[in-house]
Amino acid sequence: MSSTISTVESAGPTGDELVQQEHSRAGRIFRSGLLGLILANRKATIGASILLIFILVGAFAPAIAPYDPDEFVARPHQAPSLDHWFGTTGSGEDVFSQTVWGTRISLGTGLIVGVAVTVIGALVGMTAGYFRGRIDDVLSLVTNVFLIIPSLPLLVVLAAFLPAGFWTIVLVLTVTSWAYGARVLRSQTLSLREKDYVSSAVVSGESSFRIIFAEILPNMLSIVVAGMFGAVTYAIGAQAGLEFLGLGNPSSTSWGTNLYWAQNNAGLLTGAWWTFVPAGLCIAFVAFSMSMINYAIDEVTNPRLRSQRDTNTLLRTSNRKLGKSRATPVLRPTSGD
Amino acid sequence: MNFILRRLGFYALAAWVSITLNFFLPRMMPGDPGDAVMARMQGRVQPETIDAMRKAYGLSDDPLWQQYFDYLGNLMRGEFGIAISAFPTPVTDIIRTSFFWTLLLGLTATIVAFLIGNLLGIIGAWRRGGLVDSVMPPLLIFVGSFPYFWLALLALFFMGFEWGWFPLRHAYSSNISPSWSLEFVGSVAYHLVLPAASLVVVAIGGWVLGMRNTMISTLSEDYVMMAEAKGLPQRRVMFNYAARNALLPNLTAFGMQLGFILGGALLTEVVFSYPGLGYQLLGAVRNLDYPLMQGIFLIITFSVLGANLVMDLLYVRLDPRVRGA
Amino acid sequence: MAIATETSNSQGTPAGAAPLIRIEDLKVQYLSPRGPVRAVDGVTFDIRPGEVMGLAGESGCGKSTVAQAILRILQPPAVITNGRVLFDGNDILDMSDDQLNEFRWRDVSMVFQSAMNSLNPVMTIGDQITDAIQAHQRMPGRKALERAEELLRIVGIEAARIDSYPHQLSGGMRQRAVIAIALALNPPLMIMDEPTTALDVVVQKEIMSTISRLKQELGFSILFITHDLSLLVEISDRIAIMYAGQIVELANARELFEQPLHPYTNGLMSSFPPLTGDRVKLSGIPGSPPDLVHPPAGCRFAARCPRRFEPCGSEPLFAEAKPGHRVACHLYPESRTPQAQEAIREH
């Protein structure tokens, strides 16, 4: 009986329906591509610009760096000057050139690990979430075990046993960090699995492979991409940490080994701050750029955050102050406008 | 209770996995690290000692499965072997004191970051459009982007080395002997400030943003609206209705974060020469002291599991829905 | 909609009965990137002491928004852009936070749509009753608990349930608990926003009879909001029908059921199943409500109206077509503006 009138189709403006509208709008923005998001959202624009600069620096390192990173070019521990913008290391190398060259390995490792982690996480997570039942039980258990074993000590132990090198670090970082993405994507797949378009695809006999990659994956692309940026950030930081501990390949040039040598050559105790500041700042800027993109993705895809942000913007642009009160604002035409 | 039993089962499994990992890792690696160590020790100690050490590590010619069960048996009895770098001190002796320092640093940093971060997140979501809500997120993301060990380096350089505000290394002043005196406790606190602060600064952002987002969803729940309709004081609506519920998912995150800090404080400990497990672990790695290394890895893992179990128990206390199930 | 204040500002209220609460030309907008959504657009009605006022309409017509605006618990993006809400001569829309907190629950309490969602899952029922009491009255904890037990008994829950958490109660009990909370301060007006929607039919009947009984015993007024007109048959004294943010018809309950004037009300009635006999397939009203960011210029129901004619492009007045029976429809001369009369003459 209570359903009599609700059978009438309705599309009114209750708060929840607004949220729904916002959500579909967010979906459209995201489907129009990452590029659209980057151009539309100021935070994403800033983030993407910074990231692009670093990618270019890494790609054109030989052209940008004035010296060979391992070359003895001047008196050790010289402060920054016009000749050596970032000063020199304890071994008399040019810090600027080392920083530029370091971009290659650090960013490269980060990107490779980020992609690997995302692919493994997505495969495990989507398989578990899609097939459910026994398969999910087993995969979830494995994922959770990997999640709970503390990764940095495991990294250290693994790195200690394995021969030092670029691919060792990539392998070790991938093994220790795929689980988080898997868990997030599993729960997302579980909820998408319940959606009508997926159920109807299952009923119509489409192959699981096609459903997972053509129906489910495109609808959680934002989470996959956000997860990848997170993984890249984590990988760059963890790699730098391992190398700082001397567990990487100290003869290569990366931001982490730069920090290792700065510490080893007593850069700290001799007051040579310029030996360790640039590498840290670079790591921070790369991480910041990706966090900004992720923050923007979150703002666009999380309807509540988005509506909160829009509301704040609208209120600001209409010169309406909310004040501290949480009671519904009263903006009568006579007093407000 | 069911919930706790299930979690216990899971932790037992995780513990078994890490023990097994610990056992097979050195045995699967190219070359025999055990032999490498023995080779290094050759000539420095008596041959009988080497034999004793080989036995202590379980490096025998027994079949692998037998070695494995011997290893499990030893662990059950709390025998983690002998440290090579400090032969013949048992690994457990070295771990005991380091464990205390890591726990002190990890707990302090996690709890402080959790409290400040969540409080800021609660306030940010509550005062929409306010300063905390608008300026804070990008700022925190920026600060949170710095590698925490690098911030530690920077803090050590400026506040320790250049300006001399804080001590440069260790957990307490070397001219005070450990006791429960005010002087010693003060020294410990003084030495704790920089390492803990460098961890807190980086961790806080995640809490603020996470809590803010959960609060924003919680604030649109009917029960928060009803609490406001009841005319309750703002403080009560904010904490007892909104934050109390928004906090629940964060408890699980607290367990994970504690795990991360117990393991991740490693780098911080190295920077400040703070004598915790991480500092010891790195020393063990540098000295190729495999038994110590493995022992420390296991202890860190076990404490992370323990921390998560404590959080589960707390969760059950705070969420009546789980309690009933 | 134009407000025909000059026609009658008493809405057919018998002389002498001062209204308990009066809502005047209330407008609420949801700010959105597309422009403000005019969710409530000029709503005027009053409620008398002891009266049950029904407020009915399709979901999304703005009826819940009206309720939440009265207590000012709507959150941005919702803003109130016009009107007055008068209680005891005070305008709630002018109140400070402190005044509001005093007014809320003591003068007007509210039963929300879903009891599952409106109870705090981590607090006991008892605590959720006592904190309402103690926010408004100085009362020692023991006495507040006694009062809470008494309230539970009044709504038909064993007092022993006072320490239960919401998830430990059945759906019907939860809704009773919510009603107990709403009764805590004995307020003169209680807003009930679809109090039985989430429940099955049997429980729904029980809750409705509990509400009737309590109203008899305690004499409070009710603003009863529902999309289900059949619920209003027995309980309400007067009924207001809302469509697309506006009230289109307001009359005594009996009169509204027997002689609905507005074509929209008629549509609601015909999609109303017979109380006895077989269920017939419901046709409903074809079409859907207008976009409230850009509402149509004239009558908002025109596009779906089977009796649409020339003047419907202009806005009808909400006027008294019969004594005590107001309607906003050009079918009735009282609703016609000069412009509308012009349009009719032309044809």
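The chains referred to below are lettered A, B, ... by the order of the sequence lines, with proteins before strands, and numbering in each begins at 1.
Contact annotation for C:L185: neither backbone nor side-chain heavy atoms come within less than 4.5 Å of a heavy atom of chain B. When heavy atoms are compared at a cutoff of 4.5 Å, B:L248 approaches chain C solely by way of its side chain, counted from C-beta outward. Using a 4.5 Å cut-off between heavy atoms, C:Q68 touches chain B through its side chain atoms alone. C:I73 touches chain B through backbone and side chain together, each having a heavy atom under 4.5 Å away.
Rounding to the nearest 0.5 Å places CZ of B:R317 at 10.5 Å from CG of B:L313. Taken to the nearest 0.5 Å, the CG atom of B:D312 stands 8.5 Å off from the CG atom of B:L8.
Aromatic rings of B:Y241 and B:Y223 (six-membered ring for Trp) have centroids beyond the 6.0 Å cut-off, not under it.
With respect to chain B, the highest number of heavy-atom pairs below 4.5 Å among C:A135, C:S118, C:S109 belongs to C:S118. When C:D98, C:L71, C:N120, C:V111 are compared by the number of non-hydrogen pairs under 4.5 Å with chain B, C:N120 comes out ahead.
Contact check on C:K63 versus C:E194 returns a salt bridge, with a Lys/Arg side-chain nitrogen under 4.0 Å from an Asp/Glu carboxylate oxygen. Comment: C:R22 engages C:E24 in a salt bridge, judged by a side-chain N to carboxylate O separation of less than 4.0 angstrom.
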